[in-house]
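Step one of this worksheet: look at the structure below.
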Protein chains: 2
Amino acid sequence: MRSDSDLTGRARIRDAALELFGAEGVNRVSVRAIAARAGVSAALVLHHFGSKEGLRKACDAYVVEMVRGGPGADLDDVSGLAAMLEASSAMRLYLGRAFLDGSPAAAALFDDIVAAAERWLEEGVRTGRVRPSDDPRARAAVYVTWLLAPLTFGEHLARALPGGGSETDRTLRTSRAGIEIFTRGLFADDRVLDAWDAVREERRSP
Amino acid sequence: MRSDSDLTGRARIRDAALELFGAEGVNRVSVRAIAARAGVSAALVLHHFGSKEGLRKACDAYVVEMVRGGPGADLDDVSGLAAMLEASSAMRLYLGRAFLDGSPAAAALFDDIVAAAERWLEEGVRTGRVRPSDDPRARAAVYVTWLLAPLTFGEHLARALPGGGSETDRTLRTSRAGIEIFTRGLFADDRVLDAWDAVREERRSP
DNA sequence: CATCGAGCTGAACAATCGTTTAGCATCCTG
DNA sequence: CAGGATGCTAAACGATTGTTCAGCTCGATG
């Protein structure tokens with residue numbers, strides 16, 4: 001009754017909405033435009049999803065489900081993140097917008113990813129693969145933020161890389177640069193870190 | 001004729017638009033809502049800016065100008081970035097949306113920031129403050145992306161940090177965690193980096 | 001005083017929006 | 001065959017949108 005007819009109609013509308021929502025933003029896209037792209041009438045969209053907001057929530061749930069229970073990713077390591085970043089362009093764009101707009105589903109997803117990353121980093125510290133941190137929770141949050149940054153800045157990131165190369169080539173370059181920072185660090189000494197701590201001390205008792 | 005009357009009217013409309021555009025997104029905000037917040041009529045908004053799109057471009061130009069030529073930041077080091085991140089909440093939200101929507105002004109700003117960061121990192125490498133990179137251009141782009149990430153994920157970042165503390169306290173924690181990664185690195189050995197290079201070799205000749 | 005322009009407004013316009021309603025076709029079930 | 005879901009559509013409704021227009025006030029200029 002549900003999964004049989006998913007190949008046509010409902011799913012086609014959802015995919016069309018996902019694509020347009022991601023590319024243009026939810027409120028720049030009309031129900032009629034979604035219907036046209038899906039090859040159906042505008043009324044059918046509302047018939048299936050109740051309202052435009054219902055369609056948005058359905059897209060939210062679908063994207064989150066794909067990231068969470070996606071092909072082989074169980075969110076207990078960070079491989080789910082890589083899967084997300086390799087997801088379809090439509091999903092990437094939609095996710096970026098969902099995080100910026102602060103939809104509840106996106107917020108819950110973010111929190112879960114941070115928790116998983118914190119566990120993963122913690123275990124890495126135990127096994128010696130990951131350096132210990134003065135503030136593991138904050139580090140996990142920042143780490144996730146950085147991994148997710150291409151969702152928002154992917155377009156600019158690709159443009160910043162000069163010359164040829166396919167989109168995957170550029171992605172490989174940027175991810176390699178990120179891993180390089182993660183393993184070698186960026187600053188050669190503790191000067192910036194010490195300066196920061198000095199600033200904090202200064203602010204603590206003015 | 002221009003800067004004298006900026007304190008009222010035109011500037012008030014621009015500030016109201018900036019705030020609402022950042023908080024809700026450009027197309028979720030009506031001209032009438034902006035006018036109401038600025039305490040003027042809807043017609044005056046169009047009288048000053050020609051159209052809603054003109055108002056959006058004016059907001060773009062204003063934010064970019066504030067970031068570029070802001071108080072003491074000449075964009076020749078990355079201090080301008082810090083100033084940007086400490087800018088008003090409205091500007092932060094607006095900038096995040098501008099980057100996501102890929103407005104031309106935001107794209108140009110991003111490119112300029114990457115170029116400045118590349119120069120800054122390059123000089124750091126010469127003076128020994130910054131570690132050398134296998135791909136300086138890509139590293140600069142990724143670096144800027146990471147510095148800009150709080151624009152989009154700031155809300156989630158703050159929520160991920162448990163318990164008390166003011167907003168500035170949370171910002172201090174996350175920025176400190178970021179600097180920690182930048183100076184100490186995240187991974188304790190070259191395993192991830194080597195694994196990545198192995199993947200690249202594999203993809204090069206399949 | 002006359003006049004001109006700038007700041008500003010209320011009312012209206014056309015377009016588009018999300019949504020509702022009534023109804024058509026089709027297919028399964030009894 | 002009767003009948004009720006189900007997938008789907010065309011047409012219309014009310015609300016809201018961006019924009020236009022005629023005209024008001026008021027201080028500066030001649």
Side-chain angles (χ1 to χ4, degrees), chain A residues 1-63 94 97-98 101 103-105, chain B residues 1-63 94 97-98 101 103-105:
Chain A
M1 183 195 289
R2 196 180 51 210
S3 56
D4 284 350
S5 62
D6 251 5
L7 293 175
T8 61
R10 219 191 127 113
R12 277 225 317 279
I13 295 173
R14 196 227 305 118
D15 290 345
L18 209 61
E19 202 163 338
L20 291 179
F21 283 168
E24 310 258 2
V26 173
N27 10 68
R28 256 189 293 238
V29 176
S30 69
V31 174
R32 286 168 176 85
I34 298 168
R37 171 166 283 245
V40 298
S41 71
L44 184 62
V45 176
L46 285 311
H47 172 72
H48 275 309
F49 297 95
S51 67
K52 187 185 183 182
E53 176 63 18
L55 174 58
R56 215 221 69 211
K57 284 183 179 173
C59 288
D60 256 47
Y62 178 69
V63 169
Y94 186 90
R97 256 178 233 282
D101 289 341
S103 85
Chain B
M1 186 193 285
R2 197 178 52 210
S3 57
D4 284 349
S5 62
D6 253 3
L7 292 175
T8 62
R10 203 169 195 255
R12 278 225 318 278
I13 294 174
R14 195 229 304 123
D15 290 344
L18 209 62
E19 203 164 337
L20 292 178
F21 283 168
E24 312 256 2
V26 174
N27 11 66
R28 258 190 292 238
V29 176
S30 67
V31 174
R32 285 168 177 83
I34 298 169
R37 171 167 283 246
V40 299
S41 72
L44 184 62
V45 176
L46 285 312
H47 171 72
H48 275 308
F49 297 94
S51 67
K52 188 185 182 182
E53 175 64 17
L55 175 57
R56 216 222 67 212
K57 285 181 179 173
C59 287
D60 256 47
Y62 177 68
V63 168
Y94 186 89
R97 258 180 230 282
D101 289 340
S103 85

Exercise. What pairs with A/Asp15 under side chain to side chain donor-acceptor pair (under 3.5 Å), at least two apart in sequence or on another chain?
Worked result: none

Exercise. Within 45° of the six-membered ring axis of A/Phe49 and under 6.0 Å from that ring's centre, is NZ or CZ of A/Arg10 located there?
Worked result: yes

Exercise. Any side-chain heavy-atom pair from A/Arg97 and A/Val26 closer than 4.5 angstrom?
Worked result: no

Seminar exercise, completed: the helix from C/dC1-D/dG30 to C/dC28-D/dG3: angle between terminal helix axes, five bp per end, to the nearest 10 degrees, reads 10°

For this session: For the residue pair B/Arg28 and A/Asp101, establish whether any side-chain heavy-atom pair is separated by less than 4.5 Å.
Result: yes

Exercise. What is the minimum heavy-atom distance between B/Ala33 and B/Val29, and which atoms define it?
Worked result: CB-CG1, 4.4 Å

For this session: Mark yes or no: B/Arg56 above the aromatic ring of B/Phe21, with NZ or CZ under 6.0 Å from the six-membered ring centre and no more than 45 degrees from the axis.
Result: no

Just list the side-chain donor-acceptor pairs under 3.5 Å for residues 38-46 of chain B, sequence neighbours left out, or say none.
{"from": "B/Ser41", "atom 1": "OG", "to": "B/Leu44", "atom 2": "N", "distance (Å)": "3.3"}

Exercise. When the distance from CD1 of B/Ile13 to C1' of C/dA6 is rounded to whole Å, what number comes out?
Worked result: 14 Å

Exercise. Please, which pairs that meet salt bridge (Lys or Arg N to Asp or Glu O under 4.0 Å) have at least one residue in residues 32-52 of chain B, sequence neighbours excluded?
Worked result: B/Glu19-B/Arg37

Exercise. What distance do B/Leu20 atom CG and B/Ser30 atom OG have between them, rounded to the nearest 0.5 Å?
Worked result: 8.5 Å

Exercise. Going by number, which of residues 47-57 of chain A have a non-hydrogen atom under 4.0 Å from DNA chain C?
Worked result: A/Ser51, A/Lys52

Exercise. Of the residues in residues 31-46 of chain A, which ones touch DNA chain D at a heavy-atom distance under 4.0 Å?
Worked result: A/Arg32, A/Val40, A/Ser41, A/Ala43, A/Leu44

Problem set entry | Nearest-Å distance for atom pair CZ/P, residues B/Arg28 and C/dC17 | 16 Å

For this session: Would you check if A/Glu53 and A/Lys57 make a side-chain contact, meaning some heavy-atom pair closer than 4.5 Å?
Result: yes

